[in-house]
Structure formats: C-alpha cells, structure tokens
Protein chains: 2
Amino acid sequence: MPDQNAPAQPPHRRRSESSRRAILDASLDLCAQHGYGPVTVEAIAARAGVSKKTIYRWWPSKGAVVLEALNDAANPAADFPDSGDLREDLVVQMGGLVRGLLSDRRVGRALVGLIADTHHDPRLAHGLVDDLFGPRVDDARRRLLKARDAGQIRSDADPDLLIELLYAPLYYRLLLHQGTLQDADELRVLVDHVLRSFAPPS
Amino acid sequence: MPDQNAPAQPPHRRRSESSRRAILDASLDLCAQHGYGPVTVEAIAARAGVSKKTIYRWWPSKGAVVLEALNDAANPAADFPDSGDLREDLVVQMGGLVRGLLSDRRVGRALVGLIADTHHDPRLAHGLVDDLFGPRVDDARRRLLKARDAGQIRSDADPDLLIELLYAPLYYRLLLHQGTLQDADELRVLVDHVLRSFAPPS
DNA sequence: ACCGAGAAACGACACGACGCGTTTCCATTG
DNA sequence: CAATGGAAACGCGTCGTGTCGTTTCTCGGT
C-alpha cells in the first residue's frame, strides 16, 4: 500500500477495500472512455458510488488515484520470463506489455495523461518512476545481466542502454500516435535489431 | 499559417502580427514556468497584453496555440544536414533537437503537455502528427534513403524503423523522467549502436 | 465470549474560488 | 465602414474543503 503522498500519517487502520477497488476501477474505466484529461474526481466518485471526500481522504489528487490503479492493474504481468533464451523472453515480456499496457485503451490512455501530470507534480513523478517503472526496469536489468554473464550479449553491454533501446519505441508509438503498436512479428524485428548491435564478438 | 482547426473561415485579412507573436511567446514562457497543464488561456492573454477574445478568435484551444508556437520555435532548426557522413549528420541533427527542443525547458514542457492533450483531441493529434512531426520525419527519411543508396546502410533497411530506433530514446527520456538527456558522447553511443545493427554486409 | 463506548470512515450536500468558452459594448485601425 | 482588438461580465462546471449525521470497525470491561 505505497501511499506516495502521505508522509506524516501513520498507516491507516480502517479502510474500505471495496471502496478502494471501486475507485481504482472507476478511474481506469473513465480514462478508457474519455481519456485522462477530461476525467474528474467527481466523475470517479459518482461512478464508484462513493463520496468525493472519501477519495480526497486517501489520495491527494486524481493522478495519485490513477497511478495506484495502474500499478494494481500491471502487477500481475510484472514477472520477467527466464527460459534461457533471451530473445524469446524479450518478445514474450514485451508482447505482454504491449497487450496489457499499451494496446489496451483502458490502461494506455490513463498512462499517457498520468505522464503529462507528472511534469507539473514532482511527487507524482517520483511515484511514477519509483513505484511503477522502477521495479520493472530492475527486473529487466537483472534478466539482461544474467544473459550477459551467459555470454549471450557482449560483456561490455550497458543493460540500461539496452533497456532504453528496446522499450523506448513502444512508448514512442503509444505517445506520438505512430501507427498501431507492434504485433509479435514487428516485435521480433525490433528485438533482433537491438540485440544484433549488442552481439558478442564471435 | 496552418490554422489546423478553422476549416470554415476564409483566410483572414487583417491580423495583428505583434499580437500573434506576443501570444505564442507568452504561451511558451508560461509552459516553461508552470508546465503545460496549469497554464490557462486567461494567463496567456494577460501575459501577452491581449484580450481572451483575441485568442479565441484565432485559435480554438490552448493546445492549438501551443502547437503553433512550437512549430514556429522549431522551424529554424529543422534542416537536416547532409555532409555525406551519415553518422556525423545524425549526431548533429539529433544534438540540435536535444538542445533546442528537449533540454530547453521552455519547449520541452510545452511539448509534453501538448502530447497529452492530443490524446483526447483528434484535431490536435492530426496537427501534431501532420504539421509538427510529419515534415521532420520526412526530412529524416529522405536523408536515410540517400545514405542507403550510397551503401552506408544495408539495402533492405527500413528507414522508418531506423528513425524510430534513433529518436524514440530521446522522447523516452524526456517524457519518462529518465535522467538528463544525451550529451554529444551519449548521442554518439546511441547512433553507433543503431547504425551497427543496420550495417551493410561487408 | 459478549457488549457497549468511542473513534474513525463514510455518503450527502453546500461553499467559495477559478478557468472555461462565449457574449456584449466600445474604441481602434486599415 | 467593416473587421479587429480590449475590457468586463455571463453561466457553467470542477476544484479542493467543510459540515453534518450515520454507519462500521476497534477495543477495553464485565
């Protein structure tokens, strides 16, 4: 329960889990329908069958609600596969990300608007980087370091650069309206190109 | 004067150029100070020394103002160099983009918020893709096709994939708060990696 | 194991402030 | 003269907060 914006208060004791779920679900539903921007806290409250006050009690802003909703929604698919075949693992993981996070309008539209909000709300930016992206980047880095140790990519490869080259095109397409997102074949082309530039000297 | 959202009106006859400039400048200044989201049309009008009515006469929304402002600001640096050395040309062009568009908070913050708005305003999305990004992507594609003809990259290389791999990391860093943007050396590393995966069979 | 007191969360509703996009009225300008 | 630009105000909606009465959970006493 990472309450990113409640530094002073002790962990709360009573909290309606059903209200929490209803609020998070309602926020993503409304983002999917209208986009993040037009969604209001009042609308979230109305759809969740909840009072505005209840939302403001637990979250400081609409952005914090959506961030937690995204984190909940994305968690199940967080695990990075490790079959030994780096190329296939990347295709599987990135494919899951594309389907679950980016091509699904429910989550995609919410993410875009949330990212925009982070650029004038530093606490939200920290939440996005630390809570949402951080753990997933760490997962990917671990997997890449293991592949490097196994000699599947060159020993001086920078895992963070690799991550950037792999994942940046996904967000580029999502955010800048560059066509539909990669299907499995397109994804394979992307992964192959990036891995090729990190191939060990044979 | 690409008035992206005024399909019915004929081209206007009298228009105060000084007001136009003041409005566009004010919009970018305010975006730099507070971020795109909190900026209001009223604030733009006040700072530009102009009435709200004047803004709404020529632009349909805040987003349209910022889009035109960005297009004006970015135009001077639009030209793609062509020295014959693809690698150096890319470093120069992308370096200019990074400095002029991304690391400059004035333009960077405005762009982020504008992108968010495009996701619930289809006309704005078309303006962004067609007017702002389109011409620049076309420039890059031309330059890459020329390099392909010259045998500097493999003959089956997809220029659009190449563009995506090159530019996506820039926006990835800008939008997702991934550290400071590439300096010249980092840029060279990025370009080298991408070009390596498109090297012609030697 | 039961129960009752107190605290906290909850829903409903109302508030003042502010930005929205528009309109009216008038002065300015080509 | 006709279109433009400036000043001010409109009704509307959302913001974040406040109040009030009710419900729900926690916990200590018998």
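Residue numbers begin at 1 in each chain, while the letters A, B, ... track the order of the sequences. Worth saying up front: this structure is predicted, and the values here are computed from it rather than measured.
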Q: Indicate for each nucleotide in nucleotides 13-19 of chain C, in 5' to 3' sequence, whether protein heavy atoms under 4.0 Å reach the base (B), only the sugar-phosphate (S), or nothing (-).
A: ------S

Q | Partner residues of His193(B) under the ring-ring contact (aromatic ring centres under 6.0 Å, His included) criterion, sequence neighbours left out | A |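 Here the qualifying residues are Phe198(A).
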
Q. Residues in ring-ring contact (aromatic ring centres under 6.0 Å, His included) with His177(A), at least two apart?
A.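 Counting only residues at least two positions away or on another chain, His177(A) forms a ring-ring contact (aromatic ring centres under 6.0 Å, His included) with His119(B).
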
Distance check needed: [N] [atom2] versus [X] [atom1], whole Å only.
X         : N       : atom1 : atom2 : value
Glu17(A)  : dA9(C)  : CD    : C1'   : 14 Å
Arg57(A)  : dG18(D) : CZ    : C1'   : 12 Å
Trp59(A)  : dC15(D) : CH2   : C1'   : 18 Å
Asp121(A) : dG16(D) : CG    : P     : 11 Å
Ile55(A)  : dT17(D) : CD1   : C1'   : 14 Å
Ile23(B)  : dT4(D)  : CD1   : P     : 14 Å

Q) Which residues satisfy the side-chain hydrogen bond (donor to acceptor under 3.5 Å, both in side chains) test with Asp89(A), sequence neighbours excluded? A)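 Scan of Asp89(A) (side-chain hydrogen bond (donor to acceptor under 3.5 Å, both in side chains), adjacent residues dropped) gives Ser83(A), Arg143(A).
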
Q) So, are Lys146(A) and Asp149(A) salt-bridged, with charged N and O less than 4.0 Å apart? A) no

Q) Taking only N and O in the side chain of Trp58(B), is any of them less than 4.0 Å away from OP1 or OP2 of dT4(D)? A)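 Checking Trp58(B) against dT4(D): no side-chain N or O falls below 4.0 Å of OP1 or OP2.
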
**Q.** Qualifying ring-ring contact (aromatic ring centres under 6.0 Å, His included) pairs, either residue in residues 131-168 of chain A, two or more places apart
**A.** Phe133(A)-Tyr171(A)

Q: Identify, with sequence neighbours excluded, every residue that meets side chain to side chain contact (heavy atoms under 4.5 Å, CB included) alongside Ala45(B).
A: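 Only Lys52(B), Ile55(B) meet the side chain to side chain contact (heavy atoms under 4.5 Å, CB included) criterion with Ala45(B).
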
